[in-house]
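None of these values were measured; they are calculated from a predicted model. Lettering follows sequence order; numbering is per chain, from 1.
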There are 2 protein chains.
Amino acid sequence: MADDTQRARAQDRPGYELPLLLFAGFRSLIDQLHTELARQGHPDVRPAYGFAMQAIGRDGATASELGRRLGVSKQAAGKTADRLEALGYAVRADDPADARRKVIRLTPRGMDSLARSAAIFEELRAQWAAALGPERLRDLEDDLSVMVPRGALRLDAAGWFGA
Amino acid sequence: MADDTQRARAQDRPGYELPLLLFAGFRSLIDQLHTELARQGHPDVRPAYGFAMQAIGRDGATASELGRRLGVSKQAAGKTADRLEALGYAVRADDPADARRKVIRLTPRGMDSLARSAAIFEELRAQWAAALGPERLRDLEDDLSVMVPRGALRLDAAGWFGA
DNA sequence: ACGTTTTCGACAACCACGTTGTCCATCCTA
DNA sequence: TAGGATGGACAACGTGGTTGTCGAAAACGT
């Protein structure tokens, strides 16, 4: 046992594993979310749609606002809104107070998928807490929030590959 | 101080933060890697190329093999190889032993970017170790490797959005 | 009150990255 | 040697992004 500790301390993991572990953790959570979401009646919600709906929120948003929140162009945000609309998760409505604006709002179906996502994430976190212990999980979260640049906890996950 | 601890323990972070933290950590590492890689003479290496070059490795691979390693179709792998070739990171050569196969091999420039990436990841991990303490970082890695499904530590990071 | 500037949404062209499907050449094997 | 499996190329398409342009509407400065 002392030997094991000794060995683990003597030999660190290679540096390239850290990003792989972080990504694999992220991906496994997202995959489980969407598997469960599909089981609960939302088979065609894609990760990008989830981020977008989160960014739209209860109060709705215009395409330009959505683009700013997601960190993409207003055109890209508009296309995403098109897809959400085609799937019945959002609707566009004219703003009576500003003839230029068209507000994107979530439908009840969109709200439902958002609420279910939140519940599923809670359940997944509980599974991690059960496996690792509540303190270790809190440490993990705290350590990550230390290393993550301030303000990087945004919703602009989609499309990061284009950097 | 005791109050702070009390408050932190009494109130867990919401479940949706966990994937966001994991992704933000991953992304910050990848972003820093590519910033530094650009500074060191590789400005047009994209994250997807790094994964692909890693998968090609010292010994080269065919498009079909590459596709299997990355978890994508052979056509997609072939397109990635096209881009690597256009940028001077890889070359294709006929296999004299099998007229069907065309082996993708890294050029010296490709090898160089791979070696630099490894060194940069090592440096980044050292920064995390300095900020969190070596034990906490090891705990973080260990905890993640516990939660990540066996075999999910693969190179198929690119294109996961299409699920 | 009237130009100027800004903002918004739409449209088009394009690129990166993935998918299926098809096709043919080549290799392996029964 | 006939048949099946494999490898690569090509085409069409979907998704998620980009820039650039445009006209209509709002906001602002004089």
Side-chain angles (χ1 to χ4, degrees), chain A residues 27 30 34 44-53 55-56 60-87 89-105 154-163, chain B residues 27 30 34 44-53 55-56 60-87 89-105 154-163:
Chain A
R27 183 182 171 150
I30 295 292
H34 285 90
D44 31 67
V45 174
R46 313 254 246 95
Y49 302 163
F51 285 102
M53 286 192 281
I56 293 170
T62 66
S64 295
E65 280 166 6
L66 183 56
R68 281 192 291 269
R69 289 179 199 174
L70 294 175
V72 301
S73 66
K74 60 180 181 176
Q75 290 89 336
K79 285 194 198 180
T80 301
D82 289 345
R83 284 163 208 136
L84 287 178
E85 212 169 1
L87 289 170
Y89 286 102
V91 286
R92 255 183 264 238
D94 290 340
D95 183 342
D98 187 337
R100 294 169 308 174
R101 288 162 48 94
K102 295 203 178 157
V103 183
I104 303 158
R105 282 212 169 71
R154 278 162 22 206
L155 259 25
D156 58 352
W160 65 277
F161 260 99
Chain B
R27 182 182 171 150
I30 294 292
H34 285 91
D44 30 70
V45 173
R46 312 258 244 95
Y49 302 165
F51 285 103
M53 286 192 282
I56 293 171
T62 66
S64 295
E65 280 165 8
L66 183 56
R68 281 192 290 268
R69 290 179 197 173
L70 294 174
V72 301
S73 65
K74 58 180 182 176
Q75 291 90 334
K79 286 192 197 182
T80 300
D82 289 344
R83 283 164 212 134
L84 287 178
E85 211 169 2
L87 289 170
Y89 286 102
V91 286
R92 256 183 263 239
D94 290 342
D95 183 342
D98 186 336
R100 293 170 307 176
R101 288 162 49 93
K102 294 204 177 155
V103 183
I104 304 158
R105 283 212 169 72
R154 278 163 22 206
L155 259 24
D156 59 352
W160 66 278
F161 258 99

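Residue contacts shown for A:Ala76 include a base, since a base heavy atom lies under 4.0 Å away.
Annotation: of the two residues near DNA chain D, A:Ala97 and A:Lys74, the 5′-most nearest-nucleotide partner is A:Lys74. Nearer the 5' end of DNA chain C, as judged by each residue's closest nucleotide, is the contact made by A:Asp98, out of A:Asp98 and B:Ala99.
For the pair B:Asp94 CG and D:dG8 P, the computed distance is 10 Å after rounding to whole Å. Spacing between atom CZ of A:Phe51 and atom C1' of D:dG16 amounts to 14 Å, rounded to whole angstrom units. In this structure, A:Asp95 atom CG and D:dA24 atom C1' are separated by 15 Å, rounded to whole Å. A:Asp44 has its CG atom 16 Å from the P atom of D:dG14, to the nearest Å. As a whole-Å value, the separation of A:Lys102 NZ from D:dA25 P is 11 Å. Between A:Leu70 atom CG and D:dG17 atom P there is a gap of 8 Å when expressed in whole angstrom units.
One finds no side-chain N or O of A:Arg83 lying less than 4.0 angstrom from the OP1 or OP2 phosphate oxygen of D:dG17. OP1 and OP2 of C:dC15 both lie 4.0 Å or more from every side-chain N or O belonging to B:Arg46. Under 4.0 angstrom from either OP1 or OP2 of D:dT19 there lies no side-chain N or O belonging to A:Ser73. OP1 or OP2 of D:dG8 lies within a sub-4.0 Å distance of a side-chain N or O belonging to B:Ser64. The phosphate of D:dG16 (OP1 or OP2) has a side-chain N or O of A:Tyr49 nearer than 4.0 angstrom. An OP1 or OP2 oxygen of D:dG17 is reached within less than 4.0 angstrom by a side-chain nitrogen or oxygen of A:Thr80. OP1 or OP2 of D:dA26 has not a single side-chain nitrogen or oxygen of A:Arg101 nearer than 4.0 Å.
The one candidate from B:Lys102, B:Lys74, B:Arg101 that meets the salt bridge (charged side-chain N to carboxylate O under 4.0 Å, His left out) condition with B:Glu65 is B:Arg101. Tested against A:Arg92 for a side chain to side chain contact (heavy atoms under 4.5 Å, CB included), the candidates A:Asp82, A:Thr62, A:Val103 yield a single pass: A:Asp82.
Closest contact between the side chain of A:Arg100 and the listed nucleotides D:dT18, D:dA9, D:dA26 involves D:dA26.
One donor-acceptor pair, N or O on each side, does fall under 3.5 Å between the base of D:dG20 and the side chain of A:Gln75. A donor-acceptor contact under 3.5 Å is not formed by the side chain of A:Lys79 with the base of D:dG16.
Put simply, OG on B:Ser64 and CD on B:Gln75 are 8.5 Å apart, with the number rounded to the nearest 0.5 Å. Rounded to the nearest 0.5 Å, atoms CD1 (B:Ile104) and CD (B:Glu85) are 8.0 Å apart. Separating the CG atom in A:Asp95 from the CZ atom in A:Arg100 is a distance of 10.0 Å, to the nearest 0.5 Å.
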